[in-house]
Each structure stands twice: as structure tokens, then as C-alpha cells.
Amino acid sequence: MPELKNTIAMLFLEGTKLDRALLNRGHRPNILPAEPFKRYKNREKVLLKRKWQGANRDLWETLQNRRTRRNYKRGLISLEELSVMLWASQGLTAQAGPYYLRTAPSAGALYPIETYIGINMVEGVDAGLYHFDVKGFQLETLKKGNFMEDIVHIALGQGFIKNASCIFIWTAVFRRTMCKYGNRGMRYCFIDVAHICQNLLLAAETIGLGACPIAAFFDDEMNDFLEIDNKEESAIYMACIGRSAES
Ligand SMILES: Cc1cc2nc3c(=O)[nH]c(=O)nc-3n(C[C@H](O)[C@H](O)[C@H](O)COP(=O)(O)O)c2cc1C
């Protein structure tokens, strides 16, 4: 194992530092922008619920009680519960000029993160892999079938995932953020996804569901599973959700 200072990770840190001289020269990277929203056309759609019951807990109680929960009672969650978690993580909340602002902040309001959902047990929704259409507030069906065992395998055999009701898989479309911020934009993609995930974890805790953030997975295998190219877009984080067996 190389000494810390010789790792690729430290090279990344060094190579993505903000440089006052470059900034003062108004340096802009030569990276073309990308479409701000990803949409899969001509797919079967699942309309999400735009109305849901009020929260069971207030923010302070949620913060006090939030824990990573990996022990799930196998069971359905409702479409309403899934909808409120999708909204909490990435929902549109306002428009400012050309920018569609969301529940979670994003560097430059560029929103590089896409959400895919592996569905295992959600009331009225077939098991399968779906993409979240943020603007249409709906799911686009990518493939049907139960893929939880595949996801467990990709996630280093973390067996608790197979009892989850669903799993959020987040990818970054790097170009959206890097066209403005260059190499530093890579950092912002990871920071953005952490905001999104935390919103999801707090929403899940508030409505009485258990959640576990997951970063341990084989990247290339996950990208293949999602059928994304691993260059323009790559999987960077996940979180599974279920009815906790602890309460
Ligand atoms: C970046 C990150 C990656 C994580 N990856 C995993 C994971 O792959 N598998 C897992 O079971 N837990 C994972 N966790 C959950 C942590 O183990 C958990 O947050 C930690 O033990 C603290 O417990 P708490 O969340 O209940 O406060 C991850 C958490 C973070 C923030």
C-alpha cells in the first residue's frame, strides 16, 4: 500500500484544488455541457403520488433518532412512501430563471445526480429497475424482474439488501458540473450526492422507515447493470430502504 501522500486519492485532492491564479484569470474548462435532465422516452411510466400524509416526527426528533438500519421485515412499502422519499431527495421546489431548484442543494444549480430505483416490494409497482424522471415526477421502467440478488452480488455480498423494499442508486453525469467547474466539479458531484442521500435518510426516518447508505459496490458491475457508459455517467452511491425490524 503506498504511503498516503502517494495515493491516487491524494493526487485527486491536489488536482482538484481551487487555484486563486486560475480563478482570477477567469479560467473556464473546455468541457461541453450536458442536458440538465435525463429522460427515457417511450417507457412504461409509474406516476408518483403528489399528496401524502403529514410527517410523523419533527426534524429534531428525526435527527436524534436517525440510525443506519439494516434489519428489515420483508414487506411492502406504499407508493406514497416511495413518492415522498423521492421528493425529499430530489424533488423540484422552485424555478429561478432557467434553473429548476430542488429540495437538496447543488453546486451551481447544475444537478449532476440521476436517481435509479431498484424495486423489490412497493405496493402496486412491479419489481424492477426504474429511473426517476424528476421533472415529470414519475418513474420510467427500465427493466422488470427482481434484481435484489444481483444488487447484493454487486454490493460485495451485503445480504441485508435483499430484504429491503427498494434501493436508490445514484449516478453522476459529470459533464453537467465539470463544464463549469473543471476538475473541481468532480468533488462537487460527490458533495451533491451526499446532500441528496442525507435528505433521503431523514425522510425515511421521519416516516418510520429504515435506511442504509451504501458506498461499497463494484462500480463497473453496477454501471453495466444500469446500462450506463461509465464515462459520461457513473454510479457513485446507493441507499436501501425497508420497514425496520428494530421498532
Ligand atoms: C459514505 C458512506 C458509505 C457507507 N457505506 C456503507 C455500506 O456499504 N454498507 C453498510 O452497511 N453501511 C454503510 N454505511 C453506513 C455506515 O456504516 C454508518 O453510517 C455508520 O456506521 C454510522 O452509523 P449511523 O449511520 O447509524 O450513525 C455508509 C455510510 C457512509 C456515510
Side-chain angles (χ1 to χ4, degrees), residues 4 7-10 12-13 16 55-75 77 85 88-90 103-107 111-121 129 147-174 177 184-226 228 230 233-247:
L4 179 67
T7 57
I8 289 174
M10 293 309 282
F12 165 78
L13 192 70
T16 55
N56 303 337
R57 285 181 163 162
D58 68 21
L59 178 62
W60 314 119
E61 207 183 342
T62 295
L63 288 171
Q64 175 62 46
N65 288 296
R66 186 210 61 79
R67 277 280 72 81
T68 292
R69 303 183 201 280
R70 303 179 180 85
N71 193 4
Y72 311 117
K73 297 177 208 155
R74 283 184 59 80
I77 63 166
M85 289 188 292
S89 62
Q90 285 261 62
T103 50
S106 173
Y111 305 101
I113 307 302
E114 292 291 326
T115 304
Y116 297 80
I117 305 276
I119 289 194
N120 186 14
M121 292 170 285
L129 178 69
F147 301 110
M148 297 314 268
E149 292 283 3
D150 302 78
I151 296 171
V152 167
H153 185 64
I154 294 168
L156 282 67
Q158 300 188 69
F160 63 88
I161 295 172
K162 73 172 182 301
N163 291 329
S165 303
C166 66
I167 184 159
F168 285 59
I169 306 166
W170 291 290
T171 66
V173 178
F174 303 110
T177 300
R184 194 172 181 80
M186 180 63 85
R187 288 194 194 196
Y188 296 165
C189 290
F190 289 97
I191 297 171
D192 270 35
V193 81
H195 284 294
I196 290 167
C197 183
Q198 183 68 5
N199 276 14
L200 171 67
L201 302 182
L202 295 178
E205 187 70 37
T206 300
I207 62 174
L209 294 174
C212 178
I214 299 168
F217 58 86
F218 295 111
D219 305 62
D220 288 345
E221 292 179 24
M222 181 52 81
N223 292 332
D224 288 347
F225 171 68
L226 298 175
I228 56 174
N230 188 31
E233 182 179 3
S234 193
I236 57 173
Y237 205 18
M238 313 198 286
C240 65
I241 305 287
R243 234 169 251 300
S244 175
E246 291 157 31
S247 52

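All residue numbers in this chain count up from 1 along the given sequence. Both counts, for ligands and for their atoms, begin at 1 and track the order of listing. No hydrogens, no waters, no symmetry mates; every other heavy atom, side chains included, goes into these values.
Closest to atom 9 (N) of ligand 1 among all protein heavy atoms lies Gln158 OE1, 2.7 Å. Given atom 11 (O) of ligand 1, the protein heavy atom at minimum distance is Arg70 NE, 2.7 Å. Of the protein's heavy atoms, Tyr237 OH, 3.5 Å lies nearest to atom 31 (C) of ligand 1. For atom 29 (C) of ligand 1, the nearest non-hydrogen atom of the protein is Pro213 CG, 3.7 Å.
Which parts of ligand 1 touch Ala215 is read off a 4.0 Å heavy-atom cut-off, strictly below it: atoms 3 (C), 4 (C), 5 (N), 6 (C), 7 (C), 8 (O). Proximity to Ala216 (heavy-atom distance under 4.0 Å) selects the following atoms of ligand 1: 8 (O). For ligand 1, the atoms closer than 4.0 angstrom to any heavy atom of Arg67 are 24 (P), 26 (O), 27 (O).
Electrostatic pairing of Glu205 and Arg69 counts as a salt bridge here, judged by a charged N lying under 4.0 Å from a carboxylate O.
In terms of polar-atom proximity, defined here as any N/O pair under 3.5 Å, Phe160 makes no such contact with ligand 1. For a threshold of 3.5 Å applied to N or O pairs, the pair formed by Cys212 and ligand 1 contains no separation below that value.
Judged by distance alone, with hydrogens and angles left aside, the side-chain atoms of Thr103 form a donor-acceptor pair with the main-chain N or O of Ala88 at under 3.5 Å. A donor-acceptor contact shorter than 3.5 Å is absent between the side chain of Thr177 and the backbone of Phe174. At least one donor-acceptor pair closer than 3.5 Å links the side chain of Arg187 to the backbone N or O of Leu13. With Asp192 contributing its side chain and Ala107 its backbone, the two residues share a donor-acceptor pair below 3.5 Å.
The closest approach between any non-hydrogen atom of Arg69 and ligand 1 is not below 4.0 Å. Judged by the shortest distance from any of its heavy atoms, Phe217 lies outside the 4.0 Å radius around the atoms of ligand 1.
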Q. Given the rule in the side chain to side chain contact (heavy atoms under 4.5 Å, CB included) test, do Ile169 and Ile117 qualify, once you have shown the distances and angles that lead to the verdict?
A. CA-CA 6 Å; Ile169 306 166; Ile117 305 276; over 6 Å; no
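Residues Met222 and Ala235 approach most closely at CG-CB, 3.5 Å, considering heavy atoms.
Distance remark: protein heavy atom present below 4.0 angstrom from atom 3 (C) of ligand 1. Protein heavy atoms are found less than 4.0 angstrom from atom 6 (C) of ligand 1.
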Show the atom names and distances, to 0.1 Å, of all donor-acceptor pairs under 3.5 Å that link a side chain in residues 158-168 to residues at least two apart or in another chain.
unit_1	atom_1	unit_2	atom_2	d
Gln158	NE2	Ala155	O	3.3
Gln158	NE2	Ala216	O	3.2
Asn163	OD1	Arg74	NH1	3.3
Ser165	OG	Gly75	O	2.9

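Evaluated by nearest non-hydrogen atom to atom 19 (O) of ligand 1, the leading choice among Ile161, Thr68, Ile214 is Thr68.
For the pair Thr171 and Ser234, the minimum side-chain heavy-atom distance is 4.5 Å or more.
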